[in-house]
There are 4 protein chains.
Amino acid sequence: MDETQPRRGGRPRSERAREAVLNAVDDLLVEEGYAAMTMKGIAERAGVGRQTVYRWWSTKAEILWEASVIDARDELAVPVSGDQVKDLNAYLVALVAFLTRSPAGAAYRALLGEAQHDTEVAALIATQDVLGDSARRVLDAHGRADAKATALLVGPAVYWTLIGKDPKSLPRAAIVDAVTAYLAAKPGSRRTQ
Amino acid sequence: MDETQPRRGGRPRSERAREAVLNAVDDLLVEEGYAAMTMKGIAERAGVGRQTVYRWWSTKAEILWEASVIDARDELAVPVSGDQVKDLNAYLVALVAFLTRSPAGAAYRALLGEAQHDTEVAALIATQDVLGDSARRVLDAHGRADAKATALLVGPAVYWTLIGKDPKSLPRAAIVDAVTAYLAAKPGSRRTQ
Amino acid sequence: MDETQPRRGGRPRSERAREAVLNAVDDLLVEEGYAAMTMKGIAERAGVGRQTVYRWWSTKAEILWEASVIDARDELAVPVSGDQVKDLNAYLVALVAFLTRSPAGAAYRALLGEAQHDTEVAALIATQDVLGDSARRVLDAHGRADAKATALLVGPAVYWTLIGKDPKSLPRAAIVDAVTAYLAAKPGSRRTQ
Amino acid sequence: MDETQPRRGGRPRSERAREAVLNAVDDLLVEEGYAAMTMKGIAERAGVGRQTVYRWWSTKAEILWEASVIDARDELAVPVSGDQVKDLNAYLVALVAFLTRSPAGAAYRALLGEAQHDTEVAALIATQDVLGDSARRVLDAHGRADAKATALLVGPAVYWTLIGKDPKSLPRAAIVDAVTAYLAAKPGSRRTQ
DNA sequence: TAGTAATCGAGACGGTACGTCTTGTCTTGGA
DNA sequence: TCCAAGACAAGACGTACCGTCTCGATTACTA
């Protein structure tokens, strides 16, 4: 039913192999880092043939995306209290924690970096704006969120992190003020109604 | 006098070789892109021995930094008119143009990406906040610039660019408003005096 | 049955690659000489990956041994007539021709030389006394051959060749006399019975 | 007067440098072996510029020849007692000791090996038949020595050594017999008169 | 229940970049 | 003019990984 190919016979894909690869990537990212990860290393760590890896994923970026970055949704989902300033601050804290301390965040940063000189990776991360979407969920509770508002909220934190500045000194208050002002000024926002 | 090392004998470093390498990196970045650049390729393109490259630079990131990123200063230096809104808008236009169209900008993005999984590159780009410094020069004309203000100004534009969104739809007005509001509210800023 | 290794999986060794390497070494030895032969050159000439060469042979000496020295057996196999003096003379002629004119002889001399400052090559050529064995086959027809007799027969010719003296002036008669005398005096030799 | 060149001025050749190079080669031969010796290593060990080495010697073989092989003469000079069998045996003992235990012997074997695939080295060692000359000095005391007699005497021992056989089992008696017989049969030898 | 077909782990294949090493030459300042 | 130092262009070293290609073995569906 959900099979795109007619499946006319042959051994089915091994779920065991798929999970072993994803776990291997998770482990290797933490233990060795993105740069030291190789397709060869992933296959060996997973106890899987190299062809099996290539059969289902083209690049290590693709595996990493499947293995780690989807998890990002959970880590970036913050509860909404109704207090806008409090909620935006809480989101910024979660965002910075994700980017600087979480393995999934490390994976996201690596992929974001790779995308700058690899169009295939760029296309991959363009399929889903992981950070923007998480921001939108918070903003939606306090006004009509749009891409512009998410950029005001997420952009400074991402930049601060990427250039390696101390997360603790991130100007959260100024960011929250900017977003609040934008939402307030925005025609059609719930607040202004 | 200006010699850091005492020059204790031996053939001096060839300026010709140094320039050939830097030019080769510039050319290769445009022609082949960052990922396809190799130390071997750089040496061959420059007509230089590989050892000579390794003698003066450890990695291709280091060469690229020397070759391209200094040029970034020029490209990001925008004239200041005195009209704050106009100046900030002009800066954002220049910044986005740099990041999306300039070879030096491509180099910067590649290095920023590499820094996410290579601590040596991270240390390299941390030596000089190219984007922040350029922003500070504009902001200084309109208030006491600090890192927070630069983050508000530069962050959204960088994020917008890195995730591959259309530069033309960057919410410049909202960003300028946010920065303006921050500068106005800031105690000790010239404006408020 | 004839498999030494159990063949635990994986693509089997390519016979095509093996032969291409051995042929390349043969050709390069004649065309360029031993000193100019490199592992890189062998691989390229054979149209084979470098790793493939290293996978099956450690050094160029090892390849050369497999490629050429086995052929030496054929070139040093002289027919036995029954006339001892005639046979020993014929053998010496063949031996000198091998050492001075045959590619396999050039290979043998190169390996013998390399063995003087490379213990691995020394171990390699010690596995089979190519010259001694060929001499023994002739001597066996005329008495109980031993290593001493072969040294008397082969040694002077080898020395004469290695120091580059004219092969034509090799004192064959004196050598044959010495070997004949040794065999005659030897207790238990067939001749003396 | 003994200067072949007119010596038109300039700094004279440094005897200090020459000796330092020769000593360095001696040391390196013992410590590292012939194969690990490099022109670079020699120069550094000698505390001498590399150009200085190249100015006076073309190859490491040439330096080695000057450094070590002349010493061979001393080591191969055995006293003559008048007893032919005893003298020839003593010479063979000295010869084998030289080839298997002396640094100068190691150098000689290395050069002899190199000569098999390097015509310049071949020409070098052809300028002086170190082994033959030493043998001739012994043989001259017991008959009219010629190249043939030296080949009978030296050849088996050299061959025995080069292929790595145990020096103790060298058939000295058989060799001595062969040489004695050759000298006795030789027309014009002193013995037969 | 035999045949067919796609999967699996293993590992060799031709390529190619890595960073290091040595080669023989060149270029300094000093003796 | 030589010397020590050391940079230069060139290119081989042995290793690592790339993505592909065989192997024999396994595992489903189909006839």
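A note on names: the letters A, B, ... follow the listed sequences, proteins ahead of strands, and every chain is numbered from 1.
DNA chain E lies under 4.0 Å from at least one heavy atom of each of the following residues of residues 51-59 of chain B: B:Q51, B:Y54. Sorted by residue number, the list of members of residues 111-125 of chain B with any non-hydrogen atom under 4.0 Å from DNA chain F is empty. Contacts between residues 27-36 of chain C and DNA chain F, counted as heavy-atom distances below 4.0 Å, involve no residue at all.
Under the salt bridge (charged side-chain N to carboxylate O under 4.0 Å, His left out) criterion, A:D71 pairs with no residue, sequence neighbours left out. For B:E62, the side chain to side chain contact (heavy atoms under 4.5 Å, CB included) criterion is met by B:W57, B:S58, B:T59, B:L124, not counting sequence neighbours. In this structure D:D118 satisfies the side chain to side chain donor-acceptor pair (under 3.5 Å) test with no other residue, sequence neighbours excluded. Looking at residues two or more places apart in sequence or on another chain, you find a side chain to side chain contact (heavy atoms under 4.5 Å, CB included) between D:A106 and D:R109. Listed by chain and residue number, nothing satisfies the salt bridge (charged side-chain N to carboxylate O under 4.0 Å, His left out) test with A:E120 (two or more places apart in sequence, or in another chain). In this view, C:S102 and C:E75, C:F98, C:A104 satisfy the side chain to side chain contact (heavy atoms under 4.5 Å, CB included) rule, not counting sequence neighbours. Applying the side chain to side chain contact (heavy atoms under 4.5 Å, CB included) rule to C:A122 yields the partners C:A115; only residues at least two apart in sequence or on another chain are considered.
Closest approach to the B:P12 side chain among F:dC3, E:dT27, F:dA28 is made by E:dT27 (side chain taken as heavy atoms from C-beta onward). When distances run from any side-chain atom of C:T38 to the nucleotides E:dC8, F:dC13, E:dT23, the shortest one goes to F:dC13. Distance from the side chain of B:R50 is smallest for F:dA12 among the nucleotides E:dG9, F:dA12, F:dC23.
When rounded to the nearest whole Å, the span between CZ of C:R45 and C1' of E:dG15 equals 19 Å.
Sorted by first and then second residue, the pairs that involve residues 13-50 of chain D and meet ring-ring contact (aromatic ring centres under 6.0 Å, His included), not counting sequence neighbours, are C:H117-D:Y34. A side chain to side chain donor-acceptor pair (under 3.5 Å) check over residues 42-56 of chain B, counting only residues at least two apart or in different chains, returns the pairs B:E31-B:R45, B:K40-B:E44.
Where A:A17 and B:G41 meet DNA chain E, the nucleotide closest to each residue was compared, and A:A17 sits on the side nearer the 5' end.
OP1 or OP2 of F:dC23 has not a single side-chain nitrogen or oxygen of C:R11 nearer than 4.0 Å.
Using a cutoff of 4.0 Å between basic side-chain nitrogens and carboxylate oxygens, D:E66 and D:R18 are scored as salt-bridged.
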